[in-house]
Undergrad: 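Below is one structure. I have some questions about it.
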Amino acid sequence: MSLTRNVQFSPDVVNQLSDRLEIPETTPERQSILDTHIRARIRDELEHLKKDEEIVRQEIEQALEKENLDRETSMAGEASEAEGSQVGNVRNSAALLGDLEEIRAKIEKYQSNKKSPEYPEVEASSAAVAECYKKSKGTPLDCWSEVTSFKASVDRLEQTYFRSLH
C-alpha cells in the first residue's frame, strides 16, 4: 500500500518562500554578529602579520650587523698586515662614533668662541678695512691704520682662544 498525499500550498505562501530564496535577508542582529566576527578575524590576522614582520626585520638587522662587523674585522686585519699604509687607520663603528663626538664637541667650542666679546670687534674692524679699500681704490696704503687695528683685534681674539684651550 502506497500512501501518497498531495499537499497544496496557497500561491501567496509559494511566492513568499520563493522571494526569500532569491533575496536572503539577514537580520540586523545577525549582521552585527557577522561584522564583529569578521573584524575580530581581520584584527587577529593583522597582529599575526605584524609579529611576523617584526621577526623578519630583526633577522635582517642581525644579519646586516654581522656582515658589517665581519667587514670591519677583515678590513682591520688587512690594515695590520699592510703596516704603514693608510688602511691602517680603519676603525670600528664604536671608535668612529667616539671620533664624531669629539669633533662635535670641538665644533661647539668653536661656536662658543664666536660668541667671544672680541669676535664682534674683529668683524667690525674687518668691515672697516673693506670699506676703506673701497673708498681708496687707487691708494690702498692709506688704509694702514684700519689694517693695524684689524691685526690687533685678531691678535686679541687669538690670545683669548689659546687661553680657552688650556
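A quick note: this is a predicted structure, and the numbers were derived from the prediction, not measured.
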Undergrad: Return the CG to CG distance between L49 and D44, rounded to the nearest 0.5 Å.
TA: 11.0 Å
Undergrad: Between the side chain of S149 and the main-chain N/O of S145, is any donor-acceptor distance below 3.5 Å?
TA: no
Undergrad: Give a yes-or-no answer on whether the side chains of Q62 and Q58 include a donor-acceptor pair shorter than 3.5 Å.
TA: no
Undergrad: Can you measure from CD (E45) to CD (E47) and round to the nearest 0.5 angstrom?
TA: 10.5 Å
Undergrad: Rounded at 0.5 Å granularity, tell me how far CD in E61 sits from CG in L64.
TA: 8.0 Å
Undergrad: Can a side-chain donor-acceptor contact be found between T139 and D142 if the only test is distance below 3.5 angstrom?
TA: yes
Undergrad: State plainly whether the residues K51 and E54 are in salt-bridge range, i.e. N to O under 4.0 Å.
TA: no
Undergrad: In terms of side-chain geometry, is the basic nitrogen of D70 or K66 positioned less than 4.0 Å from the acidic oxygen of its partner?
TA: yes
Undergrad: Between R104 and E108, is there a side-chain N and carboxylate O pair less than 4.0 Å apart?
TA: no
Undergrad: Quick one: pull up SG in C143 and NZ in K134 and give me the separation to the nearest 0.5 Å.
TA: 12.0 Å
Undergrad: Grouping I, L, V, M, F, W and Y whenever their side-chain heavy atoms are under 4.5 Å apart, do I38 and L46 come out in a common cluster?
TA: no
Undergrad: Can you tell me how far apart CD1 (I55) and CD1 (I60) are? Round to the nearest 0.5 Å.
TA: 12.5 Å
Undergrad: Does atom CD (E53) have a neighbourhood of more than 12 heavy atoms from anything else shown, all under 6.0 Å?
TA: no
Undergrad: Which atom names give the shortest non-hydrogen contact between V147 and Y133, and what distance separates them?
TA: CG2-OH, 3.5 Å
Undergrad: Any chance the side chains of D52 and H48 put a donor and an acceptor closer than 3.5 Å?
TA: yes
Undergrad: What pair of heavy atoms forms the shortest contact from C132 to E146, and how long is it?
TA: SG-OE1, 3.8 Å
Undergrad: Can Q31 and D35 be counted as having a side-chain donor-acceptor contact under 3.5 angstrom?
TA: yes
Undergrad: Just checking, is any N or O donor in the side chain of S153 or S125 under 3.5 Å from an acceptor N or O on the other one?
TA: yes
Undergrad: Counting only heavy atoms not in R41, do more than 12 sit closer than 6.0 Å to its CZ atom?
TA: no
Undergrad: In the structure I gave you, are the side-chain heavy atoms of E29 and S32 within less than 4.5 Å of one another anywhere?
TA: no
